[in-house]
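Report on the following structure.
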Amino acid sequence: MSTDIIIMLVLSGIVVGVINTLAGGGSIITMTVFMVLGLPIGIANGTNRIAVFLQNFTASVTFIRKRMLDVKNGLLLSVPVIIGNIAGSLVASTIDERIFKICFGVVLFVILLYMIFDNHKRFHGGSRMQVKPIHYLWFLLIGFYGGYIYIGLGYLILAIALWSMKLDIVTANVIKGFVIFIATPFSLLVFMLHGQVEYGYGILHGAGNMIGAYLASHYFVGWGGRFIKIFTTVIVLVCFADLVGLLSLQEVLNAMLGR
């Protein structure tokens, strides 16, 4: 592994850690980096789980210390996500890229509409979170999607947390990270058992993710809901532009690597 590749993995990990902690969709960059570096899509999908786990572990520890997280409700919501993650991971070897792009594009479009048109203030503080039976069903389905592809999982959780659970965007991001942190090891184990994890790439990229998650959860999240809303909107626009072909993140990375 050359120095250029090591630097690319760590730096891209930092960027992804910040993006995923504050919003979501950063795994598009992760998957693109891995595939540009030669990993098949199945192995890239499995390897991504290492970075996802390390990133959300770092963010969740910080949020718990800051008492921004309702741990009890977070654990309750994690149970159906774990079940869905395992099921989704077991069928992840047959990813249909066309279906994935359609589903992810719809998710991005819906979140973008929310960010642009919703002006209601949501309450802050996970201690007031109310978990209803319908939320377990939603999180089970979300968990399956996360186990199958993962990319865009954060936006799906945000959609349920913002619309159905009526959380503010800061609290929604906190619960999103915690649920993903708890559920991801089960998905990762499935990919490990199927030999679809490149540990060197995953650990280096994961180290960058931890740095990005630390910076985001310690400094950027304190800038408030308005900053996170603008940040999320920008990331959604970039991801959507990549999906519909208005720009190519893969070409950008190839240019950075001199390929």
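Keep in mind it's a predicted model, so treat the numbers as computed, not measured.
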(request) Only counting residues at least two apart or in another chain, list the ones meeting ring pair (Phe, Tyr, Trp, His ring centres under 6.0 Å) with Phe186. (result) none
(request) Kindly compute the distance separating CH2 (Trp138) from CG (Leu77), expressed to the nearest 0.5 Å. (result) 14.0 Å
(message) If you define the side chain from C-beta out and look only at heavy atoms, does anything of Phe181 sit under 4.5 Å from Thr58?
(response) no
(message) Return the CG to CD1 distance between Leu141 and Ile160, rounded to the nearest 0.5 Å.
(response) 9.0 Å
(request) May I ask you to test the Phe178-Ile64 pair for a side-chain heavy-atom distance under 4.5 Å? (result) yes
(message) Please determine whether residues Ile83 and Tyr145 belong to a single hydrophobic cluster, defined as Ile, Leu, Val, Met, Phe, Trp and Tyr linked transitively by side-chain heavy-atom distances below 4.5 Å.
(response) no
(message) Would you say that Val179 contacts Ile142 through its side chain, given a criterion of any heavy-atom pair below 4.5 Å between the two side chains?
(response) no
(request) Drop me the distance from Ile203's CD1 to Met210's CE, to the nearest 0.5 angstrom. (result) 11.5 Å
(request) Of all the heavy-atom pairs spanning Ala172 and Ala161, show the shortest one and how long it is. (result) CB-CB, 3.7 Å
(request) Check whether any side-chain N or O of Thr47 sits under 3.5 Å from a backbone N or O of Glu198 as a donor-acceptor pair, and report yes or no. (result) yes
(request) Please answer: with hydrophobic residues joined when any side-chain heavy atoms are less than 4.5 Å apart, are Met35 and Ile5 in the same cluster? (result) yes
(request) Scan Val131, Ile134, Ile157 and name whichever one has a side-chain contact (heavy atoms from CB on, under 4.5 Å) with Met165. (result) Val131
(message) Between Lys132 and Ser164 (side chain of the first, backbone of the second, donor and acceptor by atom type, cut-off under 3.5 Å), is there such a pair?
(response) no
(message) Taking Val52 as the starting point, is it possible to reach Leu193 by hopping between hydrophobic residues whose side chains are less than 4.5 Å apart?
(response) no
(message) If you take the centroid of each ring, where Trp contributes its six-membered ring, are Tyr214 and His218 closer together than 6.0 Å?
(response) yes
(message) Could you measure the distance from the CG atom of Leu37 to the OH atom of Tyr201? Nearest 0.5 Å is fine.
(response) 5.0 Å
(message) So does Phe57 get a backbone contact from the side chain of Ser60, meaning a donor-acceptor N/O pair under 3.5 Å?
(response) no
(message) Return the CG to CG distance between Leu11 and Leu204, rounded to the nearest 0.5 Å.
(response) 11.5 Å
(request) Give a yes or no on whether the backbone of His205 and the side-chain of Asn209 come within a donor-acceptor separation of less than 3.5 Å. (result) yes
(request) Please answer whether the main-chain N or O of Ile180 pairs with a side-chain N or O of Asn85 as donor and acceptor at a distance below 3.5 Å. (result) no
(message) Within the 4.5 Å heavy-atom criterion, are Thr171 and Met68 side-chain neighbours or not?
(response) no
(message) Ignoring hydrogens, what is the shortest heavy-atom contact between Ala183 and Ile82? Give both atom names and the distance.
(response) CA-CG1, 3.7 Å
(request) Answer yes or no: is there a side-chain heavy-atom contact under 4.5 Å between Asn45 and Gln196? (result) no
(message) Count I, L, V, M, F, W, Y as connected when their side-chain heavy atoms are under 4.5 Å apart, and connections chain through other members. Are Tyr136 and Leu140 then in the same cluster?
(response) no
(request) State, to 0.1 Å, how close Ser78 and Gly74 come at their nearest heavy-atom pair, and which atoms those are. (result) OG-O, 2.7 Å
(message) Are Leu189 and Leu90 connected into the same hydrophobic cluster when the rule is that any two of I, L, V, M, F, W, Y join if their side-chain heavy atoms are below 4.5 Å apart?
(response) no
(message) So Leu75 and Val79, do their side chains get closer than 4.5 Å, heavy atoms only?
(response) no
(request) Search all heavy atoms of Arg49 against all heavy atoms of Ser89 and return the closest pair with its distance. (result) NH1-OG, 4.4 Å
(message) Tell me whether Phe53 at atom CZ has more than 12 heavy atoms from other residues, nucleotides or ligands lying less than 6.0 Å away.
(response) yes
(request) Answer yes or no: is there a side-chain heavy-atom contact under 4.5 Å between Ile175 and Asp70? (result) no
(request) Write down the atom of Thr21, the atom of Gly17, and the distance for their closest heavy-atom approach. (result) OG1-O, 2.7 Å
(message) Please report the interatomic distance OG(Ser12) to CD1(Ile7), rounded to the nearest 0.5 Å.
(response) 11.5 Å
(message) Looking at Lys176 and Leu153, would you say the former's side chain and the latter's main chain have a donor-acceptor pair under 3.5 Å?
(response) no
(message) Looking at every non-hydrogen atom in both residues, tell me the closest pair between Gly46 and Leu188 and how far apart they are.
(response) O-CD1, 4.0 Å
